[in-house]
> 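The structure is given below, and queries will be raised subsequently.
Letters A, B, ... mirror the listed sequences (proteins, then strands); counts begin at 1. Just so you know, these numbers come straight off a predicted model, no measurement behind them.
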Amino acid sequence: MPLSKKNKLSSQTVVHWFRVDLRTSDNAALHLASLKAKRERMPLIGLYIISAKDWKRHDASNWKVNFILKNLSTLKVDLETKFSIPLIIKVAENIKDVYEILKNVVEKLDTKYLYFNQEYEVHENQRDEMVQAILDSVEVKRIHDQCIVMPGSVLTQEGNIPKVFTPFKRSWIKFVYQSPVKTFPSPEKSEVELQPLAEDYIRSNSTIPFPNHDNFLNDFVLSTEKADFFKTYYPIGEDSGLARLTEFVEKKIEKYKVTRDYPALEGTSNLSPYITNGIISSRTAFLAAFKKNNERLESGNENITTWISEIIWREFYKHILVGYPRVSKNKPFKLETDNIQWNYDEKLFKAWCDGKTGYPFVDAGMRELNTTGRMHNRLRMVVSNFLTKDLLIDWRLGERYFMQNLIDGDLSSNNGGWQWSASTGTDSQPYFRLFNPILQSKKFDKDGVYIKKYVKELRNCSGSSLHTLTAQLQSFGYPKPIVDHSTARELCLTEFKRIYNK
DNA sequence: TGTTGCTTAAC
DNA sequence: TTAAGCAAC
């Protein structure tokens, strides 16, 4: 028997809206929501809103969407079995539907408190401000969680967000020593009974859709080949992410500085899909390394501090996004670099996308991306440099292509990385960022192990020939170089000199 | 988280 | 002829 004929329930609830935080451990807003629910003797309910149009708008890749949805289903089970927290799944057909959905949810569940972790991108921020404005009967709690140090905490003496990495890093380290980083405990097991109507509502909104050719997620279907790779390479769930972290810290981090640049060695952590999509928290990742280094940031093991530096780069670019939002509005950080006459040649761009530039190291990187949804960090620098400097193609095209194909695509890091390569970003002169793609492969893939893994037609080519661009490579069916590096280099330097009147 | 070109030294 | 060191871009 229902308690009442009205839709409204007598018992109020706390809702945690999951977004880019698909985990139960070290989740700031979820933890606080759980405390609130306990104190107020209310049930805690989880919510996730699927918005395919938002994914499209932000160029989310098939890999990323599948990764999110699979992790969502593991999260749902974890929440229910370990913490007695139900998870409601809603689908927003249009971007604006999110407001109606939230109104509906808070009404059906008689929600008193709505918690979520803050997102720093411009659209997401606007949405969240709107949510706070329209849900006037609800206490909306927007919590900082996404990075270790809240954007705006690290400032120059003049009160600005530092524009250069090294001073930022120094201040960041000082801040972390002064305010030690702590993880947030997992939520309490919910003891409060749900009202029958709420239970009905939850039960009828609990299906997670997966991409298939006949549903609204058909744009995100992975080919059979990719789906197979996905299963072995991206294990699902926060336990898998945490296990990957533990293994890295135990076995690899103390060699990180010496191995990370050689893609054939797989010396990197491969944690970015988990951190970017919120499957594990950056705090937890940082603390594991920090403890391994006996809580030191500037001394101890250089391999560990180098890895921690990479986490600080992530923090840096989040700060830049918040402090200088133009970078997410199609504008370069250095505005004057918009005077560069970028090339928009479609054939050249397509050759780059397809990994058919005729430069084996570049092509290996692009083919790794196209077949696996990831790319080794060294190659990200090499291919982005090749597109923006050798081809002089607009960095925004490359940035977009990366987002559309990476499993770990993150607006701030991706944008920061691309602008770093294109010399339109936060620091340094163009000539500091001009790579020689042949020299890079000689240095970092001497025996061609990485190249041969992805550029299959060159698998019988001798190691040293891979680093020359002789006609021999074409005899294997490999494309001719689409550009001459030293000519391209001169053209690029000339163009940068032109805009700086030098 | 770079490259080139020049100088000098050592075969 | 090659390697190492260093300034300049």
> How would nucleotides 1-6 of chain B be written as a contact map, 5' to 3', with B for base contact, S for sugar-phosphate-only contact and - for no contact, using protein heavy atoms under 4.0 Å?
BBSS--
> Give a yes/no verdict on a cation-pi contact between A:R57 and A:W55, requiring under 6.0 Å between NZ or CZ and the six-membered ring centre and an angle within 45° of the axis.
no
> Tell me whether the NZ or CZ atom of A:K329 lies within the 45° cone about the ring axis of A:Y324 and under 6.0 Å from its centre.
no
> Can the positive tip of A:K70 be found less than 6.0 Å from the middle of the six-membered ring of A:F210, inside 45° of the ring normal?
yes
> Strictly below 4.0 Å, N to O, side chains only: are A:K64 and A:D410 in salt-bridge contact?
no
> Has A:K356 got more than 12 heavy atoms of other residues, nucleotides or ligands less than 6.0 Å from its NZ?
no
